[in-house]
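Quick note on labels: first sequence line is chain A, next is B, and so on, each numbered from 1. Just so it is clear, the values below take in all heavy atoms, side chains as well, and ignore hydrogens, waters and symmetry mates. From a predicted model like this one, the values you see are computed outputs, not experimental measurements.
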Protein chains: 2
Amino acid sequence: MSRSSQTQVAVLGALTVEPMTAYALREAIRDVLGHFWSESFGQIYPTLQALEDEGHVRRQEGARARSSVFVITPSGTARLIELLNEPVQENPPRNGLLLRLFFGRVLGRERCRELLRGAKNAAEAQRAEYEQLLAHLAVAEGDTPDWPYIRMTILAGIHHARAAAAWADECLDTLQGEP
Amino acid sequence: MSRSSQTQVAVLGALTVEPMTAYALREAIRDVLGHFWSESFGQIYPTLQALEDEGHVRRQEGARARSSVFVITPSGTARLIELLNEPVQENPPRNGLLLRLFFGRVLGRERCRELLRGAKNAAEAQRAEYEQLLAHLAVAEGDTPDWPYIRMTILAGIHHARAAAAWADECLDTLQGEP
DNA sequence: ACCTGCATGTAAGTCGTTACATGATTGA
DNA sequence: TCAATCATGTAACGACTTACATGCAGGT
């Protein structure tokens with residue numbers, strides 16, 4: 001599954017929830033999928049154009065002049081299901097923090113400890129944010145059919161953040177002492 | 001810190017361990033940093049060329065004809081330290097599994113359970129692999145000054161894999177029952 | 001009148017992978 | 001001698017971001 005197909009997943013998926021303009025689509029992807037997905041304008045507009053050409057979405061006139069609200073068509077839904085069933089494509093790992101720590105001998109022990117403390121704080125802050133989001137959305141979305149699935153994505157964030165904090169702690173322990 | 005600077009970190013860092021040909025560099029990055037970093041030939045060759053132009057590495061004649069062994073220079077070490085101290089650059093999140101699960105309503109519950117089982121198995125396999133690697137390297141590298149830092153990167157993989165398996169389990173629990 | 005937010009699109013440029021072309025060396 | 005591996009490099013392509021250009025609508 002090529003990268004651009006995954007953009008189609010994000011776009012078609014968002015449109016199954018509600019018809020939207022391209023602008024709103026970008027906001028929805030940023031605000032709702034933002035914790036695990038991202039798309040820029042430069043991707044969204046051409047993708048919508050391509051999807052329209054293939055009949056997977058159509059334009060509805062919007063409330064404002066020259067604004068198009070995009071609606072997913074039955075063929076678009078079929079296409080989405082097809083795409084969702086394709087194997088998940090892993091992208092090459094690129095973790096800047098681990099790259100730095102791996103060369104910790106060159107960077108120096110104290111600087112590594114700083115990086116780890118930063119990572120720990122970031123992870124704890126993020127975890128708190130996810131917990132809050134979970135509680136908030138449980139009230140707002142708790143009854144919708146999407147809720148169990150939305151919840152899983154937030155849980156992933158919580159588990160990940162918890163693991164990152166625990167890892168940083170363990171590393172700080174092993175790296176303690178005089179430089 | 002731009003992406004290409006991070007390529008320089010990987011290249012210069014690897015050369016602090018040992019002088020190498022470009023080919024060996026790519027293998028080292030793939031095999032040693034592979035769990036958290038990746039570079040392709042198309043990146044490595046031009047990067048080495050640029051580093052040579054700036055005097056950060058120099059070519060030594062290799063054992064084979066037309067092969068160059070690259071050696072890091074003092075200015076290269078200084079450059080590496082400078083780069084290691086730049087802030088870590090986070091790249092936009094793109095998690096294909098979470099993207100699919102988020103639209104689980106469209107994909108269907110049973111297919112989501114399959115995805116989660118797959119993720120759990122992959123995580124457990126990966127964790128076992130990391131544990132083995134840790135034990136193996138503890139013997140081979142346990143006395144080198146790089147060891148504490150290498151160990152941290154493997155620990156990160158273990159924590160991450162453990163969290164992923166626990167998450168998948170928790171999700172499978174909430175998603176059980178009749179479709 | 002003017003600022004902010006909504007809205008659409010394109011173009012330039014970077015980043016990065018893959019495929020290709022080429023050849024030396026080594027071991028079976 | 002033949003295949004696999006070591007080795008170097010480039011070219012083409014695709015993916016993606018950012019900046020730019022443009023303009024409407026609503027509120028102060």
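Atom P of nucleotide dC15(C) and atom CD of Q8(B) are separated by 11 Å, given to the nearest angstrom. Between the P atom of dT8(C) and the CD atom of E52(A) lies a distance of 12 Å, rounded to the nearest Å. Between the P atom of dT8(C) and the CD atom of Q43(A) lies a distance of 17 Å, rounded to the nearest Å. Residue Q60(A) contributes atom CD, which lies 13 Å from atom P of dT8(C) at whole-angstrom precision. If you measure from atom CG of N91(B) to atom C1' of dT14(C), you get 15 Å, rounded to the nearest angstrom. Rounded to a whole Å, the CD1 atom of I44(A) is 13 Å from the C1' atom of dA7(C). Following rounding to the nearest Å, E90(A) (CD) and dT17(C) (P) show an atom-to-atom distance of 15 Å. In this structure, CZ of R94(B) is placed 18 Å from P of dG14(D), rounded to the nearest angstrom.
Remark: F102(B) engages F36(A) in a ring pair (Phe, Tyr, Trp, His ring centres under 6.0 Å) (not counting sequence neighbours).
Between S38(B) and dT17(C) there is a side-chain N or O to OP1 or OP2 distance below 4.0 Å. Between Y45(B) and dG9(D) there is no side-chain polar atom (N or O) within less than 4.0 angstrom of OP1 or OP2.
Side-chain rings of H35(A) and Y130(A) approach one another, their centers coming within less than 6.0 Å.
At distances below 3.5 Å, not a single donor-acceptor pair connects side-chain atoms of R117(A) with backbone N or O atoms of L172(A).
Residue contacts shown for P92(B) are limited to sugar-phosphate atoms, with no base heavy atom under 4.0 Å away.
Within residues 14-30 of chain A, the residues approached by DNA chain C to less than 4.0 Å at the level of any non-hydrogen atom are T21(A), A22(A), Y23(A), in residue-number order.
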Practice task
For the pair W167(A) and H160(B), evaluate side-chain contact (heavy atoms from CB on, under 4.5 Å) and give the outcome as yes or no after the intermediate values.
Solution key: CA-CA 9 Å; W167(A) 164 76; H160(B) 185 268; over 6 Å; no

Practice task
With side-chain contact (heavy atoms from CB on, under 4.5 Å) as the test, would you mind laying out the steps for L107(A) and N85(B) before giving the verdict?
Solution key: CA-CA 7 Å; L107(A) 185 56; N85(B) 275 292; 3.7 Å; yes

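For R127(A) and E124(A), the salt-bridge test fails: no basic side-chain N is under 4.0 Å from an acidic carboxylate O.
Judged by the 6.0 Å and 45° rule, R26(B) forms a cation-pi pair with F41(B).
With DNA chain D read from its 5' end, the first of the two nearest nucleotides for R66(A) and F41(A) is the one closest to F41(A).
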